Asker: 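To start, I am sharing the structure in question, which I have written as C-alpha cells.
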2 protein chains.
Amino acid sequence: MNAPEIKIDWEKYSHLFKEMEVPAKTILLNEGDVSRYGYFIKKGCLRLWFSNKGKDMTFQFFFENEGVSSVESFRTGEPSLFSIESIEPSTVLKISKKNFESIFMENPEYREFINETIFRRLNFYSKLFMSYIKNTPEERYKELLKNNPEIIRRIPQHYIASFLGITSVSLSRIRNRV
Amino acid sequence: MNAPEIKIDWEKYSHLFKEMEVPAKTILLNEGDVSRYGYFIKKGCLRLWFSNKGKDMTFQFFFENEGVSSVESFRTGEPSLFSIESIEPSTVLKISKKNFESIFMENPEYREFINETIFRRLNFYSKLFMSYIKNTPEERYKELLKNNPEIIRRIPQHYIASFLGITSVSLSRIRNRV
DNA sequence: TTCATTTATTAACAATTGTTATCGTGGCCC
DNA sequence: GGGCCACGATAACAATTGTTAATAAATGAA
C-alpha cells in the first residue's frame, strides 16, 4: 500500500481534466460498456460493483484523492466487468483516454507512476484475497473497523456486506455481537 | 488472462537461468524471507502459501511454463508474505534478481512484458476476489472443475480446500453432493 | 410537512460450514 | 516387508450464514 511514492505534478496537466459535479448514485461507467475516461476524486466517494443474479455486488470503495477507472477496460478497450457509481454527492476530475495517454507519451516518469499504481493495486487485491481465505466474515469486519474505519463510517451497510461476501442480514448480526 | 501476448526470446538469456531439480514439498522461498530469485517452471507444480494460526493457507497454484516469484518482495526487498513450495517433484529455472534486472536494462521491450504480466496478475486476483463475494464455496468448486480441471486433477484436496476458503472436511462434503 | 423509498434490525427456520475425532487407504522411506 | 505418515472420507454436534418476511427508522423528493 505504501511503496516509495513517486511525486507527480498533476497541476501541470490540469487543463486536460474536466471537473464534474455528480449527485449521489450516479453511474459514471456502466457494466458492459467500454471505459473511455479515468476519474480522480476531489470530494466524495465512489464504488465499483457488478450485477449478480439481480443483486448488487460491491467490491471496492474509493475516497478523496484517489484515481478510479475500470483498469482493464480502459487499457484494452474491452467491456468493463463492473460499474462505477457515486455513493455520496461528489466532485470528480475526468480525463479522456487520449489525453491520459498523451501525458505518458510526453513524460516517461509518469509511466513509471502508473506502474507503481498497478503494483500497489495488485498488492491490494492479493492481500484482500489472502484475508478472505484466512478470516471469517466477522474477522474481516473487525479488520475493516481497525484498518478502514472510513469505510464503516461513510458507506451504507448493505454495500459493506457484499464487500465482505455476506448478506446485509448477516452483517447486522455480526455488528450486534461484536 | 489472455491479453495480446508479447513474444519474448528467453533462449537468448538462457545462460542467466540455472536449472534445478527439486523433490516434492521443497521450499523455494520461506515466508518472512526476502525473495532474491525468480523461478520458471519447466516441469511440475508449485504453490504459494502462508501460515495462519498454525494452518497452511494455500492461495495460488502454478504449473508448467509459468513464472513464479514473490512479486512484491522481489521488487521491494521486503520480507515475503508467503512461501513458495513444490507440490510435485519439479524442474525449475532459477534467476537471480541481478540477472533479471540486467535483462531489462538492456532491453526495454522486456520491461513491457513485465508490465503485461503484472496487469494480467492484477486481473487474475481481482476476478478471483469478485468470484469470492458472488459465489458460494460449492459454486467456486464447480467453477474450478470447469475452468481449471488441472488443479482438481493434480493438486491434493486439502490444498484446494484452503484455496477455496473452506476446510478439507467441507470440501469433501461438497464433492459428495456435486 | 408529507409521503415514498431506502436502509437497518429482528425473528424463525433451513442449509451450510466449522470443529473434533475416528477410520481406512495408499504412498514412501528405512 | 514393516511401519510411519499424508491424505481423504465420514460422523456428530456446535456455530454461522442464507432466506424470507415483517417492522422500524432514516432519508429524500415533492
Side-chain angles (χ1 to χ4, degrees), chain A residues 21-27 44-45 47 49 51-58 61 83 85-90 131-145 151-178, chain B residues 21-27 44-45 47 49 51-58 61 83 85-90 131-145 151-178:
Chain A
E21 293 285 337
V22 296
K25 300 200 183 200
T26 305
I27 302 270
C45 61
R47 69 183 178 114
W49 67 277
S51 178
N52 177 248
K53 298 163 197 157
K55 282 180 187 166
D56 244 22
M57 307 303 287
T58 300
F61 305 105
S83 299
E85 184 179 330
S86 61
I87 295 177
E88 306 171 355
S90 306
S131 111
Y132 266 65
I133 65 175
K134 85 169 187 224
N135 292 325
T136 63
E138 180 171 328
E139 289 168 326
R140 292 203 295 276
Y141 177 74
K142 286 182 187 160
E143 211 171 60
L144 260 197
L145 255 181
I151 290 182
I152 309 289
R153 198 154 27 82
R154 290 172 69 176
I155 309 289
Q157 275 186 43
H158 60 290
Y159 294 154
I160 298 178
S162 75
F163 175 72
L164 291 173
I166 57 178
T167 62
S168 59
V169 176
S170 188
L171 176 54
S172 184
R173 285 187 290 225
I174 287 173
R175 282 165 51 88
N176 223 322
R177 68 173 180 252
V178 166
Chain B
E21 294 284 337
V22 297
K25 301 199 181 199
T26 305
I27 302 271
C45 61
R47 69 183 178 114
W49 67 277
S51 178
N52 176 247
K53 300 162 197 158
K55 282 180 188 166
D56 243 23
M57 308 303 289
T58 300
F61 306 105
S83 299
E85 184 178 331
S86 61
I87 296 178
E88 305 171 355
S90 306
S131 110
Y132 266 64
I133 64 176
K134 85 169 187 226
N135 293 326
T136 63
E138 180 171 330
E139 289 168 327
R140 292 202 294 277
Y141 177 73
K142 286 182 188 161
E143 211 172 59
L144 259 197
L145 256 180
I151 290 182
I152 309 290
R153 197 155 29 82
R154 291 171 69 176
I155 309 288
Q157 274 185 43
H158 59 291
Y159 294 155
I160 298 178
S162 74
F163 175 73
L164 291 174
I166 56 179
T167 62
S168 59
V169 177
S170 189
L171 176 55
S172 184
R173 285 187 289 225
I174 287 174
R175 284 165 50 86
N176 224 321
R177 69 173 180 253
V178 165

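Bear in mind the structure is a predicted one, so any value in this text is a computation, not a measurement.
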Asker: Can you check whether A/H158 has a side-chain N or O nearer than 4.0 Å to OP1 or OP2 of C/dT6?
Answerer: no

Asker: Please give, in whole Å, the distance from D/dT10 C1' to B/L171 CG?
Answerer: 14 Å

Asker: Can you tell me how far P of D/dC5 sits from CG of B/D56, to the nearest Å?
Answerer: 18 Å

Asker: With a cut-off of less than 4.0 Å, is there a side-chain N or O of A/R177 near OP1 or OP2 of C/dT10?
Answerer: no

Asker: Answer yes or no: does a side-chain N or O of A/R175 lie under 4.0 Å from OP1 or OP2 of C/dA8?
Answerer: no

Asker: What's the CD1-C1' distance between B/I87 and C/dG27, to the nearest Å?
Answerer: 17 Å

Asker: Do A/R173 and D/dG18 have a side chain to base donor-acceptor pair shorter than 3.5 Å?
Answerer: yes

Asker: Categorize A/S170 for me: base, sugar-phosphate, or nothing, with a 4.0 angstrom heavy-atom threshold over every strand shown.
Answerer: sugar-phosphate

Asker: Under 3.5 Å, side chain of A/S162 to main-chain N/O of A/T58, donor-acceptor pair present?
Answerer: yes

Asker: Send over the distance from B/E139 CD to D/dG18 P, rounded to a whole Å.
Answerer: 12 Å

Asker: Calculate the interatomic distance between A/E138 atom CD and D/dA14 atom P; express it in whole Å.
Answerer: 20 Å

Asker: Just compare C/dA8, C/dT17, C/dT19 and give me whichever is closest to any side-chain atom of A/P156.
Answerer: C/dA8

Asker: What's the closest nucleotide to the side chain of A/V169 if the choices are D/dT17, C/dA11, C/dT17?
Answerer: C/dA11

Asker: Atom CG of A/N135 and atom P of D/dT16: how far apart are they, to the nearest Å?
Answerer: 15 Å

Asker: Are the side chain of B/S86 and the backbone N or O of B/P89 linked by a donor-acceptor pair below 3.5 Å?
Answerer: no

Asker: Has B/Q157 got a side-chain N or O lying under 4.0 Å from the OP1 or OP2 atom of D/dA9?
Answerer: yes

Asker: Taking atom CE of B/M57 and atom CG of A/N135, what is their separation to the nearest 0.5 Å?
Answerer: 8.5 Å

Asker: Using a cut-off of strictly less than 4.0 Å, decide whether B/T167 has a side-chain nitrogen or oxygen near OP1 or OP2 of C/dG18.
Answerer: yes

Asker: Any side-chain to backbone donor/acceptor pair from A/S170 onto A/T167? Under 3.5 Å, distance only.
Answerer: no

Asker: Assuming nearest nucleotide by heavy-atom distance, tell me which of B/S168 and A/T136 is located more 5' along DNA chain D.
Answerer: B/S168

Asker: For the pair made of CD1 in B/I133 and P in D/dG18, what is the distance, rounded to whole Å?
Answerer: 13 Å

Asker: Please determine if a side-chain N or O atom of B/K25 lies less than 4.0 Å away from the OP1 or OP2 oxygen of C/dC28.
Answerer: no

Asker: Taking all atoms of both residues into account, what is the closest heavy-atom pair of A/A24 and A/I87, and its distance?
Answerer: CB-O, 3.1 Å

Asker: Send over the distance from A/Y132 OH to C/dT17 C1', rounded to a whole Å.
Answerer: 17 Å

Asker: Does a nitrogen or oxygen in the side chain of B/N176 sit under 4.0 Å from OP1 or OP2 of D/dA9?
Answerer: no

